[in-house]
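Below you'll find the structure, written out as structure tokens, and then a few comments.
Each ligand, and each atom within it, is numbered from 1 in the order the structure gives. Owing to the predicted nature of the structure, the values given are computational and were not obtained by experimental measurement.
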Amino acid sequence: MNSSDLFAQARVMIPGGVSSPVRAIKPYPFYTASAQGSTLVTVDGQQLTDCCCAYGPLILGHAHPAIKKAIGEQLDRGWLYGTPVPHEPEFARLIIGDHPGMDMVRFVSSGSEATMAAIRLARGFTQKKDIVKVEGGFHGAHDGVLVQAGSGATTLGIPDSAGVLADLVAHTRQVPYNDPEALESLLAKDPDVAAMIIEPVLGNIGPVIPDKNYLQEIRSITRAHDVLLIFDEVITGYRLGIGGAQVKYGVTPDLTTLGKIIGGGLPIGAFLGRREIMELVAPSGPVYQAGTFSGNPLSLAAGIATVQWLHAHRNVYDELDKKTRAIEEGCSGNARGSFVRLGSMFKYFFRPAPPRNYQEVKECDTAAFQRFWTKMLAAGIFIPPSQFETNFVSAAHSDADIEKIIMAYRSCR
Ligand SMILES: *Cc1c(COP(=O)(O)O)cnc(C)c1O
């Protein structure tokens, strides 16, 4: 069956025909039959070079042999026990070792779960109510963080979804990215802030890159106000290097959330933090958190294989950087748009200057992006179908792939 027929069936039974909104490409999304390395094969027989990489997890590309082997070995032993597994202390040691200042970790099944638990934990630890997020920052699809970005810096949050209580998001404050003064003035006025949660590099509207010293400044401002700092590194963790943005920029948060890459392509999330905070998590403390699939051996086996591979091939980050820089140099900005890159995260924004925050990202010409996206797909390149999503390069992208991407960028934009 072809993509058009599959979607016609799906839309009757599944809202919008998809299991996650960004996938609802018009007039219908392509359905994937298989994937290997840097390439997706659609049910319609098209081969696509993948610059979406499942929105971030697939840093080693599709069906990487080391991960496949780890999953296969685990499958032979069963894949869900409802008991502790040896993988937990093994993976905990690896992840904690890669994040200086983080002493303990709890494994969950998605990034959304990780941020939800981290926020609850911050409130439990500080005994304070409010949280601060950054406009345009995405932390998953749960109530407290689904706040329309773009409302004024200190106004109360407005829910971004029907069904989210205004009372609840009234406890979510927002500040613009790259604006330490806005944070300082908000915290000076609101003594009831438990935590600030931030993607250190905005990935879900980006990449939008931190100004020099921005992360250092928010670290000292939050510390001065006794506000916990949560780095949501679900995208940047193991993407910007081992240790993610916190190691790259040398800023230690109080809590960290991870996901995506640490599952090797299987569902996962994790939150990490200082011992005195993490010890409040149940059953060692009063902040409740639980999950049937948490710490499941299949995701942990895939995640351990991925992180071990990254440890054994540390030069992969230089190689990713080189490949993505080649794309940047091959299609640098022009009058219509700007090319932004950090490591293997990149994007062409339909805005002449690189955006520094959400307000500026919103100025992008999304109609031009849509035309560009369609042409890219016809040229055999799959980039995320939104001007607001980051594009990725994986270790599986060959020089020929990079050349193909550059040619397509040049001719399509
Ligand atoms: C993807 C993402 C999440 C949500 O993770 P899920 O596994 O999709 O629930 C949270 N925060 C950031 C920064 C993300 O990129």
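- Given atom 11 (N) of ligand 1, the protein heavy atom at minimum distance is D232 OD2, 2.7 Å.
- Looking at S38 and D401, their side chains do bring a donor and an acceptor atom within 3.5 Å of each other.
- In summary, the side chains of T390 and K347 do not present any donor paired with an acceptor at a separation below 3.5 Å, with no hydrogens or angles considered.
- By the criterion of a heavy-atom distance under 4.0 Å, the side chain of E199, and not its backbone, is placed next to ligand 1.
- The residues D321 and R341 are annotated as salt-bridged, a charged nitrogen and a carboxylate oxygen being separated by less than 4.0 angstrom.
- Ring pair H99/F231: centre-to-centre distance not below 6.0 Å.
- Each of the atoms 7 (O), 9 (O) of ligand 1 lies under 4.0 Å from some heavy atom of S110.
- Aromatic pair Y249/Y214: centroids not less than 6.0 angstrom apart.
- Between E113 and ligand 1, not a single N/O pair is under 3.5 Å apart.
- In this structure, Y55 has its ring center no closer than 6.0 Å to that of F392.
- Distances below 4.0 Å separate heavy atoms of H139 from the following atoms of ligand 1: 10 (C), 11 (N).
- In terms of protein heavy atoms, atom 15 (O) of ligand 1 is closest to K260 NZ, 2.6 Å.
- Across G269, G137, G111, S109, heavy-atom proximity to atom 6 (P) of ligand 1 is greatest for G111.
- Below 4.0 Å from some heavy atom of I235 lie the following atoms of ligand 1, by number and element: 15 (O).
- F339 and F346 have their aromatic ring centers within a separation under 6.0 angstrom.
- With a 4.0 Å heavy-atom cut-off, ligand 1 is reached by the side chain of N204 but not by its N, CA, C or O.
- Near G140, meaning under 4.0 Å from any of its heavy atoms, are these atoms of ligand 1: 4 (C), 10 (C).
- For the residue pair T252 and R219, no side-chain donor N or O sits within less than 3.5 Å of a side-chain acceptor on the partner.
- Protein heavy atom at the shortest distance from atom 4 (C) of ligand 1 is S112 N, 3.6 Å.
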